[in-house]
Student: 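Quick one: this structure, given as C-alpha cells, is what I'll be asking you about.
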Amino acid sequence: MMGSWKVDRTTMNTHLVIAELGFPLWLRITHYINLLFMGLLIRSGIQILAAHPRLYWNDNSTPGKDWIRFTRKKVPVNKDVVYTSLDDEVPASPWLALPGGKNLGIGRHWHFFSVIFWVLNGLIYVVLLFATGEWARLIPTSWSIVPEAFHTFLTYITFHIPPASEFHPYDPLQQLAYAGVVFLLAPFMLLTGATMSPAVAARFPWYIKIFGGRQLGRSLHFLSLLAFIGFIIIHTSLVLIVHFQNNIRDIVFGSERASFWPALDIAIAALLLVLLIYVVTTIYSARHRRQVQHALGAVVDPTRNALLHGARSVQHYKEEDISPYFWVNGAPPTSEEYKHLAQNNFRDWRLEVNGLVKHPLCLSLEDLRDLPVTSQITKHNCIQGWSGVGKWTGVCVSEILNRCQPKPEAKYLVFTSYGLDEHSLDGEHYYPFYEVIDMELARHPQSILAYEFNNEPVPIPHGAPLRLRVETVLGYKMVKYLRSIELVERYDDIRAGQGGSREDTMYYGRGAEV
Ligand SMILES: Nc1nc2c(c(=O)[nH]1)N[C@H]1C(S)=C(S)[C@@H](COP(=O)(O)O)O[C@H]1N2
Ligand SMILES: [Mo]
C-alpha cells in the first residue's frame with residue numbers, strides 16, 4: 001500500500017490515490033472496537049457523573065454555584081444539618097448508565113477498564129494510519145480545505161447532498177470533522193480526564209491549573225462528551241442519509257463494488273452484538289459486583305499502580321485558595337462513646353497504635369501536639385467528584401512509625417474509625433469504618449494525621465479529633481474520627497478482605513490514585 005502511494009503521488013491526482021487506499025480491514029476493525037469502547041466509556045461516565053451530579057466553572061465545588069446540575073436536591077443552608085455528598089448522589093438509569101443505580105464503584109471499574117483498551121485501540125489505529133498512508137484521508141494538506149468545507153456545509157445546511165464524486169473518499173467537511181475528533185477531541189478527553197486523578201493533581205499541581213483546576217477539568221471533560229455525542233449523532237445520520245448504500249459497503253467490506261444486502265446484514269448483526277454486550281455488561285455488573293470489581297480490577301489495578309502509585313504529593317496551595325465550601329462525606333459517629341468523648345473536648349480520647357510493632361503506642365491529643373508539627377494546604381478529591389482545598393495541620397504518619405517501630409513483616413496500616421460504615425449492615429450490626437494503606441503511602445511527607453483544619457481543631461463533621469490525610473489518593477482512604485492504627489502483614493483476613501470499608505461494601509478500587 002505504502003509503495004504504491006509513493007509512486008502514484010507524483011503522477012496522479014491525490015484524491016484518486018486516497019480513494020484507492022480503500023478502507024482496509026484494520027481500519028474497519030479499529031473503528032468497530034472504538035465504537036464498542038466509546039459506548040462503554042459514555043455509559044460508565046454517566047454513572048460516575050451521577051455520584052456528584054453538579055458541575056462547576058471554577059475550582060471550588062460550592063453548591064448553588066454549579067453551572068449545571070442533574071438533581072433537584074438542595075443542599076441545606078443550615079450548618080447544623082449534616083448533608084453528605086453521598087446524600088447528594090442520584091441513582092442513574094441503567095438504560096443510560098453502566099450499571100445504573102448507585103454504583104459509582106462499578107461504573108468506575110468499567111470506565112478505567114474501557115479507557116485502557118480505547119487508548120490501545122486508538123494508538124494502533126494512529127500508528128497504522130501513518131504506516132499505510134491512510135493519514136492523508138484525515139489530515140488536510142492544504143488550506144483550501146477550509147473554504148471547501150464551508151461549501152460542503154452550505155450544501156448540507158440547504159438540505160442538499162453533495163454528489164458521490166465529492167467523496168474521495170471523504171468530503172472536505174467530513175475530513176475536517178474526522179481529523180478534529182481523532183487528533184483534537186480524543187486527546188482532549190484524555191487530558192481533561194487526567195485532571196481528575198488525585199495523584200496527578202498532587203504530583204503535578206501545575207498541570208491541573210492549565211485547565212483552571214480540577215473542577216474545570218471535570219466540566220471540560222463533560223463538554224467533550226457532549227461534543228462527542230454531537231459528532232456521533234451527526235456522523236451516523238449522515239452515514240445513513242448520504243449515499244447510504246456505498247457507505248455500508250465501504251464500512252463492512254471496504255469497497256463500494258461489494259454487494260449491498262450482505263453488507264447491510266453484517267452491519268446490523270455487528271451493531272446488535274455491541275448492543276448485546278451493553279445489555280449483558282449492565283445486568284451482570286449490577287448482579288455480580290464483587291466479581292466485576294475483581295475481574296476489571298485485575299486489568300486496571302496494575303496499570304494504575306505502574307503509572308501513579310509512586311507519585312508523591314508536592315502541593316502547596318495558598319491561604320487564598322482555601323475553598324469557601326468543603327463538602328462532608330461520612331456522617332459523624334452516633335455512639336454514646338463518641339458523644340461522650342466529644343462533650344469532654346476529646347480529653348479522654350486516645351489513638352491506639354498496635355499490631356506488628358515493637359512499641360505499641362497510646363496517644364492523647366496532647367501527646368500528638370507535642371510531636372513535630374506539619375501543615376499543608378492541599379486539594380481533597382472525593383471519589384464522587386467534588387474537590388476542596390483546605391489547610392491541614394498535624395503529625396506526619398512517619399513520625400508515628402518511627403516511634404512505634406514496625407516489625408519487618410509489617411506491610412500495611414489499618415486505620416479504624418469511631419464511626420461506622422453505613423453500608424456494612426450485617427443483621428442488626430454495623431462495622432466500624434476502616435481503610436488500609438501500604439507502608440510506602442504512609443511514609444509520604446504529606447501523609448499526616450491532622451488535628452487542625454483551616455487553623456481550627458478539626459470540626460466534628462470533618463473527623464474530630466483526628467483524621468488521616470493521604471494526598472495522592474481519593475478521599476475515601478482518609479479515615480475520620482480515628483480510633484486506632486494497626487500494622488499488619490496482610491489485610492485479606494479483615495472483614496470482606498478488600499482493603500477498606502469502601503472497597504468491601506461499595507466495590508471501590510483497591511488503589512485510589514484515580
Ligand atoms: N470514618 C469515616 N471516615 C471517612 C468517611 C466516612 O464515611 N467515615 N468518608 C470518606 C470519604 S468518602 C471522604 S471524601 C472524606 C471526606 O472528608 P470530609 O467529610 O472532611 O470532607 O472522608 C473519608 N473518611
Ligand atoms: Mo469520598
Side-chain angles (χ1 to χ4, degrees), residues 48 50-52 54 60-63 75 79 81-89 102 104-105 107-108 196-198 201 214 322-335 337-338 341-342 349 351 378-394 414-425 430-437 447-454 456-485 495 499-509 512-514:
I48 295 171
H52 188 69
R54 304 169 184 271
N60 297 314
S61 308
T62 311
V75 178
K79 287 228 168 186
V81 184
V82 180
Y83 181 81
T84 71
S85 74
L86 273 171
D87 297 332
D88 205 51
E89 178 170 6
K102 289 189 177 181
L104 172 63
R108 284 167 46 88
M196 284 176 276
S197 152
R214 183 183 195 247
I322 290 177
S323 301
Y325 184 93
F326 203 105
W327 283 81
V328 169
N329 216 4
T334 48
S335 68
E337 185 189 18
Y338 181 82
L341 291 171
W349 172 91
L351 176 71
T378 52
K379 175 168 281 166
H380 177 103
N381 304 288
C382 174
I383 191 169
Q384 294 186 279
W386 59 271
S387 46
V389 174
K391 180 172 177 185
W392 301 97
T393 304
V414 185
F415 294 82
T416 304
S417 174
Y418 274 93
L420 300 176
D421 168 10
E422 67 270 43
H423 294 88
S424 65
L425 188 60
Y430 288 91
Y431 293 95
F433 189 95
Y434 82 103
E435 285 292 338
V436 179
I437 64 171
S447 296
I448 71 170
L449 301 176
Y451 44 69
E452 274 180 21
F453 176 56
N454 295 339
E456 304 278 342
V458 172
I460 286 185
H462 291 297
L466 192 74
R467 66 99 49 90
L468 176 64
R469 300 290 319 163
V470 195
E471 305 293 356
T472 53
V473 294
L474 293 166
Y476 69 87
K477 282 288 179 189
M478 306 183 209
V479 179
K480 307 194 287 188
Y481 328 106
L482 278 174
R483 178 198 286 272
S484 65
I485 305 176
R495 298 256 295 286
S501 288
R502 293 290 195 241
E503 293 90 330
D504 281 351
T505 62
M506 294 172 85
Y507 310 94
Y508 289 178
E513 289 92 0
V514 286

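Atoms within each ligand, like the ligands themselves, are counted from 1 in listed order.
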Student: Do the two ring centres, one from Phe326 and one from Phe453, sit under 6.0 Å apart?
Tutor: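 Ring centroids of Phe326 and Phe453 are less than 6.0 Å from each other.
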Student: Taking the cut-offs as 6.0 angstrom to the six-membered ring centre and 45 degrees off its axis, would you call Arg483 and Trp349 a cation-pi pair?
Tutor: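 Because its charged atom misses either the 6.0 Å distance or the 45° angle limit, Arg483 does not stack over Trp349.
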Student: Could you tell me which non-hydrogen atom of Asn60 sits nearest to which non-hydrogen atom of Ser323, and how far apart they are?
Tutor: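 Taking every non-hydrogen atom into account, OD1-OG, 3.2 Å.
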Student: Which protein non-hydrogen atom lies closest to atom 14 (S) of ligand 1, naming both residue and atom, and how far is it?
Tutor: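 Protein heavy atom with the smallest distance to atom 14 (S) of ligand 1: His380 NE2, 3.2 Å.
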Student: Students should be able to answer this: which protein heavy-atom is nearest to atom 6 (C) of ligand 1, and at what distance?
Tutor: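 I find the closest protein heavy atom is Phe433 CE1, 3.5 Å.
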Student: Identify the two heavy atoms, one from Ala450 and one from Arg469, that lie closest to each other, and give their separation to 0.1 Å.
Tutor: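 Reported closest heavy-atom pair: CB-CG, 4.0 Å.
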Student: With atoms numbered from 1 as shown, which atoms in ligand 1 lie under 4.0 angstrom from a non-hydrogen atom of Tyr481?
Tutor: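 Per the distance check, 1 (N).
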Student: Determine whether any heavy atom of Lys477 lies closer than 4.0 Å to an atom of ligand 1.
Tutor: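 Checking ligand 1 against Lys477, which is what was asked, there is no heavy-atom contact under 4.0 Å.
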Student: Starting from atom 24 (N) of ligand 1, find the nearest protein heavy-atom neighbour and note its residue, name and distance.
Tutor: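 Heavy-atom neighbour on the protein nearest atom 24 (N) of ligand 1: Met478 O, 2.9 Å.
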Student: Does Lys477 come within less than 4.0 Å of Glu513, counting only side-chain N to carboxylate O?
Tutor: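 Judged by the 4.0 Å cut-off on N to carboxylate O distance, Lys477 and Glu513 do not form a salt bridge.
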Student: Checking side chain to side chain donor-acceptor pair (under 3.5 Å) for the pair Tyr434/Asp421: CA distance, chi angles, key distance, verdict?
Tutor: CA-CA 8 Å; Tyr434 82 103; Asp421 168 10; over 6 Å; no
Student: With a 4.0 Å cut-off on heavy atoms, is Phe415 in contact with ligand 1?
Tutor: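 Contact absent.
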Student: Quick one: look up the protein heavy atom nearest atom 20 (O) of ligand 1 and list residue, atom name and how far away it is.
Tutor: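 So the nearest neighbour among protein heavy atoms is His462 ND1, 2.7 Å.
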Student: If you measure every N or O of Tyr476 against every N or O of ligand 1, does any of those distances drop under 3.5 Å?
Tutor: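 No, since none of the N or O atoms of Tyr476 sits under 3.5 Å from an N or O of ligand 1.
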Student: Among all protein heavy atoms, pick out the one at the shortest distance from atom 21 (O) of ligand 1; state its residue, atom name and that distance to 0.1 Å.
Tutor: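 Protein heavy atom at minimum distance: Trp327 O, 2.6 Å.
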Student: Strictly under 4.0 Å, does any heavy atom of Gln384 approach an atom of ligand 1?
Tutor: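 Not so, Gln384 does not reach ligand 1.
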Student: Closer than 4.0 Å to some heavy atom of Cys382 - which atoms of ligand 1 meet that?
Tutor: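 Result: 14 (S).
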Student: Between ligand 1 and Ser417, can you find any atom pair, the residue atom being a heavy atom, that is separated by under 4.0 Å?
Tutor: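 Yes, that is the case, since the closest heavy atom of the residue is under 4.0 Å from the ligand.
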Student: Consider side-chain contact (heavy atoms from CB on, under 4.5 Å). Of Ile48, Val473, Leu474, which one does Ile383 pass it with?
Tutor: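 Per the side-chain contact (heavy atoms from CB on, under 4.5 Å) rule, the option paired with Ile383 is Leu474, out of Ile48, Val473, Leu474.
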Student: Look only at interatomic distance and state if Trp386 has a nitrogen or oxygen under 3.5 Å from any nitrogen or oxygen of ligand 1.
Tutor: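 No, no N or O pair falls under 3.5 Å.
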Student: Tell me: protein heavy atom nearest atom 7 (O) of ligand 1, and distance?
Tutor: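 Here the nearest protein heavy atom works out to Gly330 CA, 3.1 Å.
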Student: Just to confirm my output: which protein heavy-atom neighbour is closest to atom 3 (N) of ligand 1, and how far is it?
Tutor: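 Its nearest protein heavy-atom neighbour is Lys480 N, 3.0 Å.
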Student: Going through the distances and angles, do Trp327 and Ser85 end up as a side chain to side chain donor-acceptor pair (under 3.5 Å)?
Tutor: CA-CA 6 Å; Trp327 283 81; Ser85 74; over 6 Å; no
Student: Would you say Asn329 and ligand 1 have an N/O pair spaced under 3.5 Å apart?
Tutor: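 Asn329 vs ligand 1: N/O contact under 3.5 Å present.
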Student: What atoms of ligand 1 come closer than 4.0 angstrom to any heavy atom of Phe326?
Tutor: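 Near Phe326, meaning under 4.0 Å from one of its heavy atoms, ligand 1 has 21 (O).
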Student: At their closest point, which heavy atom of Arg467 faces which heavy atom of Trp392, and how far apart are they?
Tutor: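 Taking every non-hydrogen atom into account, NH1-CH2, 3.1 Å.
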Student: Quick one: look up the protein heavy atom nearest atom 23 (C) of ligand 1 and list residue, atom name and how far away it is.
Tutor: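 Residue, atom and distance for the closest contact: Gly475 O, 3.2 Å.
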Student: Check if Arg467 has a non-hydrogen atom at a distance under 4.0 Å from any atom of ligand 1.
Tutor: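 Contact present.
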Student: Within 45° of the six-membered ring axis of Tyr476 and under 6.0 Å from that ring's centre, is NZ or CZ of Arg502 located there?
Tutor: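 Ring-cation test returns no.
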Student: What pair of heavy atoms forms the shortest contact from Pro461 to Pro332, and how long is it?
Tutor: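 Answer, listing the atom of Pro461 first, then Pro332: CA-CG, 4.1 Å.
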